[in-house]
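To keep things clear, I will list the structure first and then write my remarks on it.
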Amino acid sequence: MEHLTPKQIVNELDKYIIGQDKAKRAVAIALRNRYRRSQLSEADREEITPKNIIMKGPTGVGKTEIARRLAKLVKAPFIKVEATKYTEVGYVGRDVESMIRDLVECSIRLVREEKMREVSVKATGVAERRIVDILSDLKKSERGEMSKEVFDARLLEDLRAGKFDSMQIELEVVDAPKSMEIVPGGAEINIGSIFGDMLPKKKKRRKMTVKAAMQQIIGEESEKLIDPDAVNSEALTRAEEQGIIFIDEIDKIAGKANQGGADVSREGVQRDILPIVEGCTVMTKYGAVKTDFILFIAAGAFHISKVEDLIPELQGRFPINVELESLSKEDFVKILTQPQNAITAQYGKLLGVDHIDLKFSEEAIEEIASVSADMNATSEDIGARRLHTVMEYLLEDISFNAGGDYPTVEVKIDKKYVDEHLEKMMKNRDLKKYVL
């Protein structure tokens, strides 16, 4: 998946996000440029930095989803942060460097999971042997005249078949020290990760199911089999070379800092973000991280402020400016039917648990889309999130009455059903048209 062409990247994004072709093209090119850069000589790579992107558009049109899906495509370290959470140096709150520390933590988690998958077969073998030894002692009376090897082989077979999953056993586990928050709003610090082997590892006996015990032992054994230094080194490199940071609500810090009060640090936050985006070195507990080659994608509605209200130096570091469009009725129809995670399919699966086979007619989909588009036009434009409001309202009766042990029932949602159940919502919408 790492060597996708821009067209292939856009095709993958189309499976989850409707419309917004300009934004998809911009991020696809930015991602492909990373691969192109990785194929150059080291001297050339040092000269080429990512072209950061600002996405401008109302809430709920797909800004965050585009960035998140992009990171998933290439398994890149990705974090989403809100610009409003950060404060200028000297004020109480999170400093902008914490976004880099968060990115490194995300990268560490990604690499550790990959390494654990690599050693999972070996760790599973160790876990099975330990569980079988425990079960063999517990079920000694059932062994009869069988040899221990034959009995253990049978237990192993039953264990793999899941026959003991819910059985309670007692297991000795490592008692890991709890994380502690040192600074309010800051990162959580794990005492064990700071002092390492200096602290003696405490163990305690816990009662748990065989299934939970398997996971516990696999986790402990995997930790022993992977090299933490190699994980940290690879994670730092991946954060530097492949990291993506999505800075949301950047329009909220675009005002001038001359009103006093809550606005005092707006421009200051921009000035603090500037060196991070320009390229600097941030110290983390795993080592130094250069931010020169991290891809930054900023986003905001820009209802009140404009992109031009950002300080010029910051604007210069986001050379690609993409405007996302408000969603139309046609877009809503596509959102309800086309994506792999379409909201109608989600509700179908949820209610399927309670034996309801939910079906939507084409006219019902059209009407839901029409109501959603009109509500966005007559009240606040909250994009695709409006569909959640409309769908919850529409399916409230079915969701409330569903449940119980009975055969599967097919429920057809047609235009008449939509009109009847959204009548009150539509009346409120019609009244708002006349409110000045």
Scan side-chain atoms only and decide if Gln340 and Tyr16 contain a donor-acceptor pair under the 3.5 Å cut-off. yes
Evaluate the side-chain proximity of Ile218 to Ser222: yes if any heavy-atom separation is below 4.5 Å, no if none is. yes
Cationic N near anionic O, under 4.0 Å, Asp95 to Arg101: yes
Side chain to side chain, Val121 and Thr124, heavy atoms closer than 4.5 Å: no
With a 3.5 Å cut-off and sequence neighbours excluded, list the donor-acceptor pairs that the side chains of residues 290-299 form with protein atoms.
unit_1 : atom_1 : unit_2 : atom_2 : d
Thr291 : OG1    : Ile276 : O      : 2.7
Thr291 : OG1    : Cys280 : N      : 2.9
Thr291 : OG1    : Cys280 : O      : 3.4

Checking the side chain of Thr344 only, and the main-chain atoms of Leu336 only, is there a donor and an acceptor separated by less than 3.5 Å? yes
Taking Glu380's backbone N and O only, do any of them form a donor-acceptor pair with Arg386's side chain (distance below 3.5 Å, no angle check)? yes
Any Leu351 side-chain heavy atom under 4.5 Å of Ser399 side chain: yes
Do Ser38 and Arg45 have a side chain donor and acceptor closer than 3.5 Å? no
How about Arg129 and Val126: do any of their side-chain heavy atoms sit closer than 4.5 Å? yes
No-hydrogen, no-angle side-chain donor-acceptor test under 3.5 Å, Glu220 and Gln216: yes
Flag, side chain of Arg317 to backbone of Asn52, donor-acceptor distance under 3.5 Å: no
Around atom CZ of Arg25, are there more than 12 heavy atoms of other residues, nucleotides or ligands at under 6.0 Å? no
Under 3.5 Å, is there a donor-acceptor pair between the side chain of Asn232 and the main chain of Asp229? no
Tell me whether the count of non-hydrogen atoms from other residues, nucleotides or ligands lying under 6.0 Å of CD in Glu46 goes above 12. yes
Residues Gly287 and Leu236: closest non-hydrogen pair is CA-CD1, 4.1 Å
Could you verify whether a donor N or O on one side chain and an acceptor N or O on the other, from Glu97 and Tyr86, lie under 3.5 Å apart? no
Electrostatic pair Glu234:Lys115 at N-O distance under 4.0 angstrom: yes
4.5 Å side-chain heavy-atom contact, Leu394 and Ile413: yes
Indicate the atoms forming the closest heavy-atom contact of Leu327 with Ala384, along with that distance. CD1-N, 3.4 Å
Please check if any side-chain donor atom of Ser328 sits under 3.5 Å from a side-chain acceptor atom of Asp331, or the reverse. yes
Please tell me if the side chains of Lys80 and Thr64 come closer than 4.5 Å, counting only heavy atoms from C-beta onward. yes
Check this for me: Lys211, atom NZ, are more than 12 non-hydrogen atoms of other residues, nucleotides or ligands nearer than 6.0 Å? no
Does a side-chain N-to-carboxylate-O contact under 4.0 Å join Glu241 and Arg34? no
Would you say Asp44's side chain and Leu40's backbone share a donor-acceptor pair under 3.5 angstrom? no
Is a side-chain N or O of Ser107 found less than 3.5 angstrom from the main chain of Leu103, in a donor-acceptor match? no
By side chain to side chain donor-acceptor pair (under 3.5 Å), Lys56 pairs with (sequence neighbours left out) none
Check whether any side-chain N or O of Lys24 sits under 3.5 Å from a backbone N or O of Ile17 as a donor-acceptor pair, and report yes or no. yes
Restricting to side-chain contact (heavy atoms from CB on, under 4.5 Å), what partner residues turn up for Asp381, sequence neighbours left out? Pro58, Ser326, Asn376
Within the 4.5 Å heavy-atom criterion, are Ile398 and Tyr417 side-chain neighbours or not? yes
Can any side-chain N or O of Ser379 pair as donor or acceptor with the backbone N or O of Met375 at less than 3.5 Å? yes
Hey, are the side chains of Glu105 and Tyr286 touching, using non-hydrogen atoms and a 4.5 Å cut-off? yes
Is it true that a side-chain atom of Gln315 and a backbone atom of Leu310 form a donor plus acceptor pair closer than 3.5 Å? yes
Treating Lys207 as the side-chain partner and Gln168 as the backbone partner, does any N or O pair qualify as donor plus acceptor under 3.5 Å? no
Is it true that, when you exclude Glu362 itself, more than 12 heavy atoms of the residues, nucleotides or ligands shown sit nearer than 6.0 Å to its CD? no
Side-chain ion pair, Lys75 and Glu114, N-O less than 4.0 Å: no
